[in-house]
Amino acid sequence: MSALTKRSKPPTVSVVMSVFNGGPSLSRAIESILNQTFKNFEFIIINDGSTDESLQIIKSYADADPRIVVLNQSNHGLIYSLNRGIRHARADLIARIDADDSSHPQRFEKQVAALRAFPEVSVIGSSFSLVDQNDHTIRTFVPPSDDIDIRRQLFSRNPLCHGSVMMRKDTIESVGLY
């Protein structure tokens with residue numbers, strides 16, 4: 001199989017990350033994605049007009065890993081950037097991460113397996129920990145897992161942390177994106 005054939009086949013997951021001046025934590029976020037045990041993904045990174053070293057950091061990783069797709073733009077804000085990334089995504093599953101997040105190495109492996117096992121589920125997330133600059137856990141959040149509890153919380157807040165979410169692209173498109 002040629003490189004062109006491999007490139008033209010869509011990946012299973014498209015990871016979407018918007019970055020605006022994320023320099024201090026950006027390498028950690030990118031490496032947490034590149035070090036996933038599940039490897040069949042593209043990583044769409046939107047540089048949203050950063051004025052720090054973010055673009056240089058992104059490009060240094062993109063030069064070394066062909067799964068990274070860099071979209072560079074003037075500053076338009078998070079919603080515009082995420083919608084652009086989702087429109088650019090080639091996969092049926094969209095994973096989210098922000099420049100100040102990091103993901104467990106088995107995140108994609110477990111989330112893809114869960115979404116394959118439960119085709120009626122459109123969005124999946126996980127618990128997450130808030131950490132300080134020295135990587136010490138400040139607090140761990142465990143979102144509800146029962147449908148009724150999730151629905152109840154949606155009246156007052158979003159129970160899913162963006163940095164832990166994987167969702168079906170067709171579902172997010174059906175509601176008009178972000």
Side-chain angles (χ1 to χ4, degrees), residues 6-7 9-19 22 25-46 58 61-62 64-70 78 81-83 85-132 134-154 157-175 177-178:
K6 287 181 184 178
R7 177 78 179 129
K9 183 179 179 190
T12 301
V13 176
S14 292
V15 184
V16 177
M17 177 170 69
S18 176
V19 178
S25 58
L26 186 54
S27 289
R28 180 179 173 171
I30 292 172
E31 288 173 16
S32 79
I33 298 303
L34 298 179
N35 292 325
Q36 290 292 304
T37 56
F38 185 90
K39 303 293 186 189
N40 187 10
F41 63 85
E42 67 179 348
F43 191 1
I44 301 166
I45 305 176
I46 304 100
I58 295 164
Y61 284 97
D65 195 314
R67 295 174 296 179
I68 297 176
V69 177
V70 180
L78 182 62
S81 299
L82 295 179
N83 287 342
I86 291 167
R87 284 186 193 102
H88 195 84
R90 298 183 308 129
D92 293 331
L93 299 176
I94 306 291
R96 279 280 296 115
I97 188 166
D98 291 320
D100 61 349
D101 295 336
S102 63
S103 291
H104 186 279
Q106 292 179 316
R107 173 188 168 194
F108 295 169
E109 182 180 334
K110 291 180 178 190
Q111 289 182 325
V112 168
L115 287 169
R116 285 179 175 162
F118 300 98
E120 71 280 8
V121 172
S122 295
V123 179
I124 191 167
S126 69
S127 59
F128 62 96
S129 295
L130 180 63
V131 297
D132 65 18
N134 298 316
D135 206 27
H136 296 116
T137 299
I138 297 170
R139 184 172 175 205
T140 297
F141 297 86
V142 180
S145 57
D146 294 329
D147 182 65
I148 190 68
D149 293 332
I150 293 169
R151 289 174 187 267
R152 283 184 185 135
Q153 282 197 10
L154 283 172
R157 67 182 188 90
N158 181 357
L160 299 173
C161 170
H162 249 163
S164 76
V165 169
M166 185 176 286
M167 54 197 152
R168 298 186 193 280
K169 184 178 180 183
D170 62 349
T171 300
I172 194 164
E173 289 175 331
S174 75
V175 296
L177 302 172
Y178 281 92

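By convention here, the first residue in the shown sequence is residue 1.
Taking every heavy atom of both residues into account, V16 and R96 meet most closely at O-NH1, 2.9 Å. Considering all non-hydrogen atoms of both residues, A99 and A29 come closest at O-CB, 3.5 Å. Closest approach of S14 and I44 over heavy atoms only: CB-CD1, 4.4 Å. Taking every heavy atom of both residues into account, A64 and P66 meet most closely at O-CD, 4.1 Å. Shown here for I124 and Q111, the closest heavy-atom pair between the two residues is O-NE2, 3.9 Å.
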Check against side chain to side chain contact (heavy atoms under 4.5 Å, CB included), L93 and R168: CA-CA 5 Å; L93 299 176; R168 298 186 193 280; 4.0 Å; yes

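Here the straight-line distance linking atom CD1 of I86 with atom CD1 of I46 works out to 8.5 Å at 0.5 Å rounding. Going from atom CD1 of I97 over to atom CE of M166 covers 11.0 Å, rounded to the nearest 0.5 Å. Rounding to the nearest 0.5 Å gives a distance of 10.5 Å between OG of S18 and OH of Y178. From R28, atom CZ reaches atom OG of S103 across 10.0 Å, with rounding to the nearest 0.5 Å.
K169 places a side-chain N or O within donor-acceptor distance of the main-chain N or O of A89, the cut-off being under 3.5 Å.
For A62, the side chain to side chain contact (heavy atoms under 4.5 Å, CB included) partners two or more places apart in sequence, or in a different chain, are I68, V70. Qualifying side chain to side chain contact (heavy atoms under 4.5 Å, CB included) partners for D100, counting only residues two or more places apart in sequence or in other chains: S25, D98. For the salt bridge (Lys or Arg N to Asp or Glu O under 4.0 Å) test, residues two or more places apart in sequence or in another chain that qualify with D65 are R67.
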Can you give me every donor-acceptor pair (side chain of residues 34-41, partner residue at least two apart or in another chain, under 3.5 Å) with its distance?
residue	atom	partner	partner atom	Å
N35	ND2	E31	O	2.9
Q36	OE1	R107	N	3.3
Q36	OE1	F108	N	3.0
Q36	NE2	S32	O	2.9
Q36	NE2	H104	O	2.9
T37	OG1	P105	O	3.4
T37	OG1	E109	OE1	2.4
K39	NZ	Q36	O	2.7
N40	ND2	T12	OG1	2.8

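Considering V112, L115, I33, I94 as possible partners of V13, the one that fulfils the side chain to side chain contact (heavy atoms under 4.5 Å, CB included) test is V112.
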